[in-house]
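Scroll down for the structure; my scribbles are underneath it.
The structure displayed is predicted, hence computed values, not measured ones. Along the sequence shown, residues carry numbers from 1.
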Amino acid sequence: MAQSTTTSAGASPDRLRRNALGVAAVTFFVVSAAAPLTAVAGGYPIAMLFGNGPGVPAAVLVVTLILLLFSVGYTTMARHISNAGSFFAFTSRGLGGLAGGAAAYIAILAYNTMQIGLLGLFGAVTAGTLSAIVGIDLPWWVWSLIAIAIIAVLGYRQIDLSAKVLAVLVIAEYIAVLILDATILGAGGAEGISLTSFTPDAFLSGSTTIGMLLCFAAFMGFEATTIYSEEARDPERTVPRATYLSVLLIGVFYTISTWCMVLATGPDKLLPTLQGLQDPTSFVFGLSDQYANSTLTTIMMLLMISSVFAALLAFHNAAARYFYVLGREGLLPVGLGKTHATHQSPHLGSALQTVLAVIVLAIFVITGQDPVLALFTWLTNVATLSVIVLMALASFSVIAFFKRSQELETSGFKTMLAPLVAGVILAIIAVLVVIHFDALTGAQPALAIGLPMLVPAAAVLGIIAAALLKNNSPARFAQLGAHQSGK
């Protein structure tokens with residue numbers, strides 16, 4: 001390990017639980033954050049309706065390739081820097097402490113807005129599903145508060161407990177959707193098996209840009225593999241393997257499932273079918289009734305609840321670890337940099353994330369905002385934009401880092417070409433998200449401008465925090481984002 005990337009901070013008693021997670025556990029965290037069933041049932045029908053219709057499966061493939069390209073540089077740097085504040089750490093070591101401060105605060109914005117936004121979807125899905133199936137009628141926000149309470153307990157305790165919970169939930173999601181895919185393929189779809197979805201005409205139909213952006217949003221969370229690097233066994237191997245495995249697993253699953261959705265109605269009838277639905281998110285459940293049976297539909301509706309819950313837990317853990325890292329590094333109050341004496345969890349960061357969730361949820365409830373159209377849609381799109389910006393910063397950081405430390409890696413493809421191409425593509429995607437933010441969220445013009453502005457506002461606050469640290473403690477500033485030894 002290069003001298004410039006080491007620090008004694010790893011010897012601190014306030015450290016995360018070492019050697020707790022293997023490749024499978026890290027992968028479960030990441031895949032659950034992507035919420036596969038939620039994306040298939042909720043996100044992709046909307047991508048088809050407002051995006052490029054039957055060309056969405058091809059859009060998924062393109063997004064998968066972009067993320068695999070990004071992963072090349074990302075995982076190469078992860079082999080040399082093990083730090084739970086991944087985007088912050090990579091940016092700090094590559095582009096400097098001030099840029100790292102900006103990335104740190106953008107990451108705090110990203111993972112908190114994603115987690116809190118998902119509370120709206122969880123409340124709405126749970127209230128609707130349990131009312132229809134078992135006749136329990138409670139306001140949506142009651143279910144959101146129940147989720148917050150359960151997640152607060154899991155986030156406070158040791159990390160492998162959360163991993164075990166997520167493993168069960170994610171496996172059940174995949175099995176249910178794959179059963180539906182198999183029944184559609186077995187029946188030959190509505191008009192026979194075809195590859196129409198993967199033709200240029202289908203890909204370029206409708207609004208390809210909106211389709212691509214919504215497909216990209218469905219992958220959010222895959223990048224979090226590096227957040228668990230300090231808790232992973234053999235992180236130099238575990239994190240890269242988990243990253244590639246997550247992208248491929250999510251990408252192949254989404255490609256097959258969206259293709260089956262198109263086959264189920266036929267490419268020509270897909271849009272008329274979606275346009276005729278009062279709620280596009282009921283599309284997949286209708287296909288389950290048609291091609292499988294009502295039992296599978298009921299199971300999928302219940303698993304939709306667990307799917308969103310799994311994503312809530314995964315993003316809570318990510319946010320808690322960023323609070324911990326920034327407290328440890330001096331960019332937030334030092335108390336946040338403490339870990340639990342028994343569980344070695346970032347318990348104070350977890351508690352802070354819980355408090356923030358309750359406060360924001362209360363604001364949306366008191367003001368009478370819609371849990372899905374407002375809380376979920378607005379905040380998760382802010383989170384998506386934030387993560388795309390962070391990924392672009394990370395890509396350019398890889399180039400700068402290895403340019404100064406060429407002895408660490410000899411492959412120009414891994415350290416220059418792949419991260420450069422990925423960084424440029426991601427920067428373009430970020431601009432497109434801002435341009436189309438009104439279409440993505442349905443927000444009024446003022447909000448469509450104001451919500452994306454939260455990202456540069458967070459960056460400015462992070463730069464200020466880093467500048468203050470540089471002024472007060474130059475030595476500590478110089479070590480921002482440094483590798484955390486497992487000793």
Side-chain angles (χ1 to χ4, degrees), residues 30-64 67 113-115 117-122 124-125 128 170 173-174 176-177 180-181 197 206-222 249-262 264 270-271 274 277 279-288 300-301 303-312 314-315 371-373 375-385 387-388 429 433 436-437 439-442:
V30 171
V31 174
S32 60
L37 179 56
T38 302
V40 169
Y44 281 116
I46 295 174
M48 293 171 179
L49 183 59
F50 297 107
N52 53 338
V56 162
V60 175
L61 271 182
V62 173
V63 171
T64 301
L67 295 181
T113 51
M114 182 63 80
Q115 203 272 352
L118 283 167
L119 286 171
L121 181 62
F122 179 84
V125 167
V170 171
E173 285 183 59
Y174 270 85
V177 176
L180 176 58
D181 292 343
S197 289
S207 177
T208 304
T209 300
I210 296 297
M212 285 278 293
L213 293 179
L214 290 171
C215 288
F216 203 98
F219 281 81
M220 288 300 97
F222 94 92
L249 188 62
I250 297 169
V252 171
F253 175 76
Y254 285 162
T255 301
I256 293 173
S257 296
T258 54
W259 177 51
C260 288
M261 290 159 67
V262 174
L270 176 67
L271 286 179
L274 288 169
L277 296 174
D279 178 8
T281 61
S282 66
F283 177 58
V284 169
F285 301 121
L287 296 182
S288 177
M300 289 180 67
M301 291 173 69
L303 285 174
M304 180 81 164
I305 298 174
S306 68
S307 175
V308 185
F309 178 84
L312 281 168
F315 282 113
V372 176
L373 299 180
L375 180 56
F376 170 70
T377 303
W378 297 349
L379 296 195
T380 56
N381 275 287
V382 170
T384 300
L385 173 60
V387 171
I388 293 171
I429 292 173
V433 171
H436 295 282
F437 203 81
L440 290 170
T441 62

Can you name the closest pair of heavy atoms from [X] and [Y] and give their distance?
X    : Y    : value
M304 : G42  : CE-N, 4.4 Å
V40  : S257 : CG2-CB, 4.1 Å
L118 : F315 : CD1-CD1, 3.7 Å
V63  : C215 : CG2-CB, 4.1 Å
P54  : L270 : N-CD2, 3.6 Å
S307 : T38  : OG-OG1, 2.8 Å

[X] side, atom [atom1]; [Y] side, atom [atom2] - distance, nearest 0.5 Å:
X    : Y    : atom1 : atom2 : value
L214 : L49  : CG    : CG    : 10.5 Å
F216 : I429 : CZ    : CD1   : 4.5 Å
N381 : M114 : CG    : CE    : 8.0 Å
H436 : T209 : NE2   : OG1   : 5.0 Å
L121 : I305 : CG    : CD1   : 10.5 Å
L271 : M48  : CG    : CE    : 9.5 Å

Subject >> V382 backbone acceptor or donor facing T113 side chain under 3.5 Å >> reply: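 Not confirmed, T113 side chain does not pair with V382 backbone.
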Original post:
Side chain of S197, backbone of G55: donor and acceptor closer than 3.5 Å?
Top reply: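 The answer is no, because no donor-acceptor pair under 3.5 Å joins these two groups.
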Subject >> Derivation and outcome, side-chain hydrogen bond (donor to acceptor under 3.5 Å, both in side chains), residues T441 and T377 >> reply: CA-CA 6 Å; T441 62; T377 303; over 6 Å; no
How would you list, by chain and number, every residue that makes a side-chain contact (heavy atoms from CB on, under 4.5 Å) with [X], sequence neighbours excluded?
X    : result
S306 : L169, L303
V252 : I256
F50  : I46, I210
P36  : V31, E173, Y174, F253, Y254

Original post:
So do the side chains of T64 and F219 get within less than 4.5 Å of each other, counting heavy atoms only?
Top reply: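 Answer yes - side chains close enough.
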Subject >> Derivation and outcome, side chain to side chain contact (heavy atoms under 4.5 Å, CB included), residues L440 and V433 >> reply: CA-CA 8 Å; L440 290 170; V433 171; 4.1 Å; yes
Subject >> Pairwise side-chain hydrogen bond (donor to acceptor under 3.5 Å, both in side chains) hits with a residue in residues 39-60, at least two apart >> reply: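 Not a single pair qualifies under side-chain hydrogen bond (donor to acceptor under 3.5 Å, both in side chains).
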Output a table of donor-acceptor pairs, distance under 3.5 Å, between side-chain atoms of residues 279-287 and any protein atom two or more places apart or on a different chain; print 'none' if there are none.
from: D279; atom 1: OD1; to: T281; atom 2: N; distance (Å): 3.0
from: D279; atom 1: OD1; to: T281; atom 2: OG1; distance (Å): 2.7
from: D279; atom 1: OD2; to: T281; atom 2: OG1; distance (Å): 2.7
from: S282; atom 1: OG; to: D279; atom 2: O; distance (Å): 2.7

